[in-house]
Amino acid sequence: MTPSPARAFTLLGIETSCDETAAAVVRRDADGKGTILSDIVLSQIEAHAAFGGVVPEIAARAHVEALDGVIRAALADADMRLDDLDGVAATAGPGLIGGLLVGLMTARAIAAARDLPLLPLNHLEAHALTATLTDATALPYLLLLVSGGHTQLVAVEGVGRYRRLGTTIDDALGEAFDKTAKLLGLPFPGGPNVERAAREGDPTRFALPRPLKGVPGADFSFSGLKTALRLEAEAHAPLTKKDVADLAASFQAAAIDVVADRTRSAFSSFAMIVGALPTALVAAGGVAANMALRERLTTLCRDAGIAFVAPPARLCADNAAMIAWAGAERLAAGLPPDPDCPARARWPLDADADPRVGAGRKGAKA
Ligand code: KG4
Ligand code: ZN
């Protein structure tokens, strides 16, 4: 793993693991500075809204239809031709297999046609490295990844060196927000609508459980909270606007309490494993856009003397700039790409982490 002699890399990134069709061009200078030259994200929200969640077949078909145009737009925005690139990076997993195949095969075709290196990448690694692009955050840091498919605390020790300290044993946090929204009759995607409703509500009206709070380690659980919320909602049906706001606020307060507790516990796990406190806590994933969560984490980090880094919401959510950037970081670190890497629905970032047997997400992004 010898780093290549310092040089700049410009990569095309492609992201199709869930319901965003995305392409971006990013340059990494020899000194490690990153520049996003273009960043196109086409959301499929409308295609899935009627179903209250992402339908894998619809997602795959929508990626096929949109991807060529999205890539063309990303190149045009960056004022680049394929021949100006140093490589093509694409998400190979984890995610919905149909969409992954569309993105990876398209990247493979472009790489073969232009004789460029192909970099199949782990989507979680791209989330993990975003802070080095947006904030030049120094390693090692603690990553809190909270999205619709993932809820993890990961020690990011270096490019290609990740240790999972905790994960959810059932639902992902974003999934819990989405299910809460559905239960309360709020529109898809649930997270932002629950946050909006919660702003008008009383977070103390319903005493909802805080699963795993205070338990050693840094694992999460949200299914008990979801069930408790459902029972309260059923007991108060039909729900008034105030009931919905109070339930949303009570759910959000409980969820954030759990995240803060698990994150604090992960500071100790991190120190034990890495030998020092993290330089920073980095939030990533769609739920990191939640302002109440950001405020709570800001306080938590201030009290612990650790910097809190929250990249712009657009780069916390799924995008292709993070894919291109992760590819460039790997090239700069001298990590050889594996062009034969297949698309993988499941792909843990830390291969040594214990599998959560008998529990955990059964969904496509588990
Ligand atoms: O990272 P992301 O764009 O896609 C993946 O799931 O990989 O995350 C989407 C998730 C959804 O569950 C959405 O409801 C949630 O992030 N989300 C939020 C907020 N904005 C998005 N959850 C809570 N509060 C928000 N403001
Ligand atoms: Zn994601």
Side-chain angles (χ1 to χ4, degrees), residues 13-22 24 39 41-45 48-49 52-54 56 59 90-96 99-100 103 121-131 143-152 154 168 171-184 186-199 201 222 225-226 248-249 251-256 258-259 282-297 310-323 325-326 345-347 349 361 363-366:
I14 296 174
E15 158 61 38
T16 55
S17 68
C18 195
D19 60 341
E20 269 95 22
T21 312
D39 175 20
V41 179
L42 187 70
S43 170
Q44 302 175 0
I45 281 181
H48 301 285
V54 177
T91 305
L96 299 170
L100 291 169
L121 291 185
N122 185 312
H123 178 90
L124 304 176
E125 175 171 45
H127 275 305
L129 296 177
T130 298
L143 172 76
L144 169 69
L145 174 59
V146 276
S147 71
H150 307 285
T151 302
Q152 302 192 353
V154 177
T168 180
D171 293 349
L173 181 56
E175 190 183 3
F177 267 93
D178 292 339
K179 286 179 179 168
T180 296
K182 210 170 178 177
L183 188 79
L184 299 180
L186 299 169
F188 175 83
N193 288 305
V194 170
E195 181 178 15
R196 207 164 299 130
R199 254 181 248 140
F222 294 106
L225 171 58
K226 185 186 64 191
F251 162 81
Q252 183 172 277
I256 290 176
V258 168
V259 175
V282 171
V287 189
N290 186 293
M291 289 315 292
L293 176 63
R294 284 185 181 221
E295 278 163 26
R296 182 64 172 276
L297 294 174
R314 180 181 169 82
L315 293 169
C316 280
D318 286 350
N319 66 87
M322 70 178 186
I323 305 297
W325 174 251
R346 285 165 189 260
W347 186 359
L349 189 51
R361 255 181 79 77
K365 295 188 86 177

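Computation of the quantities below employed the complete heavy-atom set of this structure, encompassing side-chain atoms and omitting hydrogens, waters and symmetry-equivalent molecules. When a ligand or atom number is given, it counts from 1 through the structure's own listing order.
- The closest heavy-atom contact to atom 20 (N) of ligand 1, among the options Cys18, Gly286, Ala255, comes from Gly286.
- Taking both residues in full, the closest heavy atoms of Asp178 and Gly190 are given as OD1-N, 3.1 Å, listed atom of the first, atom of the second, then distance.
- Under 2.8 Å from the Zn ion (ligand 2) lies no N/O/S atom of Cys18, from backbone or side chain alike.
- For the pair Cys316 and ligand 1, the shortest N or O to N or O distance does not fall below 3.5 Å.
- In terms of modelled atom types and a separation under 3.5 Å, the side chain of Glu15 and the main chain of Asp318 share no donor-acceptor contact.
- Here the CZ-CD1 distance, from Phe251 to Ile256, works out to 9.0 Å after rounding to the nearest 0.5 Å.
- Remark: ligand 1 and Pro189 share no N or O pair separated by less than 3.5 Å (distance only, no angle test).
- Remark: Thr21 OG1 to Gln44 CD distance equals 4.5 Å, nearest 0.5 Å.
- Atoms of ligand 1 found under 4.0 Å from any heavy atom of Gly149, numbered from 1 in the order shown, are 6 (O).
- Atoms CG and NZ, on Leu184 and Lys179 in that order, are 14.0 Å from each other to the nearest 0.5 Å.
- Counting atoms of ligand 1 from 1 in the listed order, those under 4.0 Å from a heavy atom of Asp178 are 11 (C), 12 (O), 13 (C), 14 (O).
- Results of the side-chain contact (heavy atoms from CB on, under 4.5 Å) test with Thr151 over Leu173, Val287, Val258 single out Leu173 as the only residue that passes.
- Residues Val259 and Arg296 are not in side-chain contact: their nearest non-hydrogen atoms beyond the backbone lie 4.5 Å or more apart.
- Close approach of ligand 1 to Gly174 (heavy-atom distance below 4.0 Å) involves ligand atoms 12 (O).
- Contacts between Asn290 and ligand 1, counted as non-hydrogen atom pairs separated by less than 4.0 Å, involve both the backbone and the side chain.
- Taking all heavy atoms of Arg196, Glu195, Gln252 into account, the minimum distance to atom 26 (N) of ligand 1 is reached by Glu195.
- Under 2.8 Å from the Zn ion (ligand 2) lies an N/O/S atom of His123, whether from backbone or side chain.
- Within the model, atoms OG of Ser147 and NE2 of His123 stand 6.0 Å from one another, a figure rounded to the nearest 0.5 Å.
- Within ligand 1, the atoms closer than 4.0 Å to a non-hydrogen atom of Gly285 are 1 (O), numbered from 1 in the order shown.
- Of the polar atoms of Asp318, at least one N or O is found under 3.5 Å from an N or O of ligand 1, judged by distance alone.
- Between the Zn ion (ligand 2) and the N, O or S atoms of Asp318, the shortest distance is to OD1.
- Here the shortest heavy-atom pairing between Ser17 and Pro94 reads CB-O, 3.8 Å.
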